[in-house]
Amino acid sequence: MKRVLETGNAAITEGAIAAGCRVFAGYPITPATEIAENMSRRLPQVGGYYLQAEDELAAMHIAVGSSLGGLKAMTATSGPGFILYADPYGWALGSEIPVVVVNAQRVGPVSGITGAPGQGEFYFSRYPTQGGNFETIVLAPASVQEALNLTVEAFYLAERFRMPVTLLADQLVTDGWESLSVPETPDDVAAMGLRVLPRRIHSGPEFYPASDEIDVPPVVLGHNTGAACSDWTPTEQGYDTEEVEAQHKHAYRLIYKVRNHRDLLRRYEAYYLDDNPEVVLVSYGSPARVAKSAVKRARERGLKVGGIRLIGLWPFPEELFTLPAKYLSVELNNDGQLVREVQRAVPKGSAVHFFGKCGELPTVAELQRMIDALLSGEPLPANRWEWEAW
Amino acid sequence: MDPLAEKYLRPRKIPSTACSGCGLGQIHKKIVMAIDELGLGIEDVVWGTGIGCAGRQTFGAWKGDNFAGTHGRVYAISTGLRVALPRDKKIVLTVGDGDAFGIGLLHVLHCARRNLDVTVIVCDNLGYQSTGGQYGWTTPEGYKTDSSPYGMNEPNWVQGGRDVLGILREAGATFLARHTSLEGREAVEDIKKAIQNRGFSLVHMPFPCITNFAGRALGTRKPVEVYRWFKEHTDGNVPGKPGDALFKCGVYFDASNSRVEYSELVRNNVAEVQRRYR
Ligand code: SF4
């Protein structure tokens, strides 16, 4: 194991390599370009392939195609590229092809502000393609080390659940520098508590079982298994069908293989919740670190405030929200996305509020003002742009 | 059952669900003949398709491994697949004209540039027929379709001095040919050449769509008349009326095995990095 000072981009690269990723397909985009650059340097050293694509549509299709050929694969982008993944993402979901997708979120909509952090794809990562009839798995790192660890975990889950797994990061996590432990051997990987699952190959003929079971080997072409996988609704053998009953089976599988294994996907950090705090801050990614500092500061002042940092975003861990309290969702967007899920999840007697900023982190002082207002029942401080003259 | 079909295809797809008189089956059969004559077995070929009539009719028919990709993206999928698959596997793609020359053209061009080892058979029904018959990028100029009720009035990829195969040649494809589904031996021979090229091969195969294209553009659904129209507009290896040739047939460009194939290039590069940094 080696200790280095590195960026989240480098951490994701090393995590992927430790997880056995041997194909990276990408298209340059700020702030995820460095992942591609790091992959282009590191993959050949371990016998893997860096494939640069003509656009993001091609990038993710190449990654999924590589996985269909038996190699673990990843792609990485930011918002404007993530929307172009909608097409291959749906194909990988429906055909149950494991692949890891990184989105280093920046400010949107559209090209927005390229080199600044945002959290605009909370819901988009839940619905990254059209058509419905599926659940998604989304993990959100808040530090450089966690970016490495969750990348390894994303590959592990992608293999177990036979589906794409999204690592929803933000520009501060991917571009930020922090100290990082990099595993160099399988023993290191195990010592760090990380799990790696080698690729298995489905031998058929029932490539798409009508069940919620996980750990079903994925379809891999080129081994003469007679595999059939397509973009259409499949029969259990993988043939295209227009039968509604087959569609029900397929939808059941895509939805319930995730829903019925939520316990394997619940990841979060809860702090200061034991004494029934009056105010609970909810956040993920880099703003969650400011939220934690603000909660600690409030505790130092003797205030009953706690926090939840979500690590697994989807399926949304609504079961965490058992405490009636005043919740404050802290996010890097101005419209409020996570806050809507929190509203849906909280128990009776709760209130849910939102604090959003975009392109820059909230400050501890700003969050303290919010906490104080929530505790005293005073009106909440207005958002900055609401004070300005225009 | 046809012994070739029995050897290579799954019984569930025989007969296919294509409309009667449709030329798609003729293309499908020629590809299987070419594969057979090359001595390849079901384990040697991974068969991919897009959507539309070409995709629906050929997906899941091959006894070996099959995939159907998203519309226009099978070329990108095949780029990843090619790198991951054992070197000796052949990838054969049966796609439509909308798939290859419309929505997926950018990816086709990049695969030609890469000289990716795939054989693309463009099953061209002269427009978007599985959606009911709208004009496409090879619909003959002036002909009526459901979305060109006054006649197809924009430039296409095959008339007016343009030929989509010329663009692909410039892009770096190493084998290019065109044959209608009505041609026999010469089409099979060129499909064989396409498969034997370790690089990007594309065979453009216009075929009669009886139900939609012919019904609207030619005003007839009688296969004999539609086939006659096809022959009259074919020029090249097949004896027919020269002149207003829509379908210029034969080998367009053959530089088979003249430059390194993409996955080999990528593998060589990786081996070189490993040699230098070991
Ligand atoms: S619509 Fe046309 S191309 Fe499609 S199956 Fe029918 S005849 Fe063939």
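Hydrogens, waters and symmetry mates play no part in the numbers below; they use all other heavy atoms, side chains included. Naming: A, B, ... by sequence-line order, numbering from 1 per chain.
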Other residues, nucleotides and ligands only: do more than 12 of their heavy atoms fall within 6.0 Å of OH on A:Y27? no
Would you name the heavy atoms of B:F59 and A:A228 that are closest together and state the gap between them? CZ-CB, 3.8 Å
Which atoms of B:V266 come close to chain A, meaning under 4.5 Å heavy atom to heavy atom: side chain ones, backbone ones, both, or neither? both
Please confirm whether the backbone N or O of A:H223 pairs with a side-chain atom of B:D65, one donor and one acceptor, at under 3.5 Å? yes
Note: vs chain A, highest number of non-hydrogen pairs under 4.5 angstrom among B:G50, B:A271, B:A76, B:S78 is B:A76
How far apart are the closest heavy atoms of A:G222 and B:P86, and which atoms are they? O-CG, 4.3 Å
Structural part of B:F67 lying under 4.5 Å from a heavy atom of chain A: both
With a 4.5 Å limit on heavy-atom distance, are the side chains of B:W47 and A:L221 in contact? no
If you count heavy-atom pairs within less than 4.5 Å of chain B, which of A:D87, A:L68, A:L71 leads? A:D87
If I measure from the heavy atoms of chain A, does B:K89 come under 4.5 Å with its side chain, its backbone, both, or neither? side chain
Is it true that atom NZ of B:K29 has more than 12 heavy atoms of other residues, nucleotides or ligands lying nearer than 6.0 Å? no
Using every non-hydrogen atom in the two residues, find where B:A68 and A:W232 come nearest and quote the distance to one decimal. CB-CZ3, 3.5 Å
Using non-hydrogen atoms only, which part of A:V46 is less than 4.5 Å away from chain B: side chain, backbone, both, or neither? backbone
Other residues, nucleotides, ligands: >12 heavy atoms within 6.0 Å of B:E272 CD: yes
Examine whether an atom of B:R267 lies under 4.5 Å from a heavy atom of chain A, and if so say whether it belongs to the side chain, the backbone or both; otherwise answer neither. both
Could you look at B:V270 and say if it's the side chain, the backbone, both or neither that has a heavy atom under 4.5 Å from chain A? both
Can you tell me which of A:P44, A:G70, A:A59, A:A25 forms the most heavy-atom pairs within a distance under 4.5 Å of chain B? A:P44
Heavy-atom distance under 4.5 Å to chain A: side chain of B:R114, backbone, both or neither? side chain
Could you tell me which portion of A:A58 (side chain, backbone, both or neither) has an atom closer than 4.5 angstrom to a non-hydrogen atom of chain B? both
Quick one: OG on A:S67 to CD1 on B:I77, what's the gap to the nearest 0.5 Å? 12.0 Å
Which residues in residues 91-111 of chain B have any heavy atom closer than 4.5 Å to a heavy atom of chain A? B:L106, B:H107, B:H110
Compare every heavy atom of A:Y239 with every heavy atom of B:G60, then report the nearest pair and how far apart it is. O-CE2, 3.8 Å
Can you tell which part of B:Y75 gets under 4.5 Å to a heavy atom of chain A, answering side chain, backbone, both or neither? neither
Out of A:V64, A:V23, A:D55, return the one with the most heavy atom pairs under 4.5 angstrom to chain B. A:D55
So which of A:G69, A:C229, A:G47 has the biggest tally of heavy-atom pairs under 4.5 Å with chain B? A:C229
Please determine, among B:T79, B:D44, B:V45, B:V83, the option with the most heavy-atom pairs under 4.5 Å with chain A. B:V83
Can you name the nearest heavy-atom pair linking B:A84 to A:S66, along with the distance? CB-O, 3.4 Å
Steps toward side-chain contact (heavy atoms from CB on, under 4.5 Å) verdict (A:W91, B:R73): CA-CA 11 Å; A:W91 188 57; B:R73 319 292 171 207; over 6 Å; no
For B:R82, is it the side chain, the backbone, both, or neither that has a heavy atom closer than 4.5 Å to a heavy atom of chain A? neither
Sort out for me which of B:H71, B:R276, B:R12 touches chain A most, counting heavy-atom pairs under 4.5 Å. B:R12
Working note: B:N269 + A:Y50, criterion side-chain contact (heavy atoms from CB on, under 4.5 Å); need CA distance, chi angles, decisive distance, verdict. CA-CA 10 Å; B:N269 290 345; A:Y50 168 79; over 6 Å; no
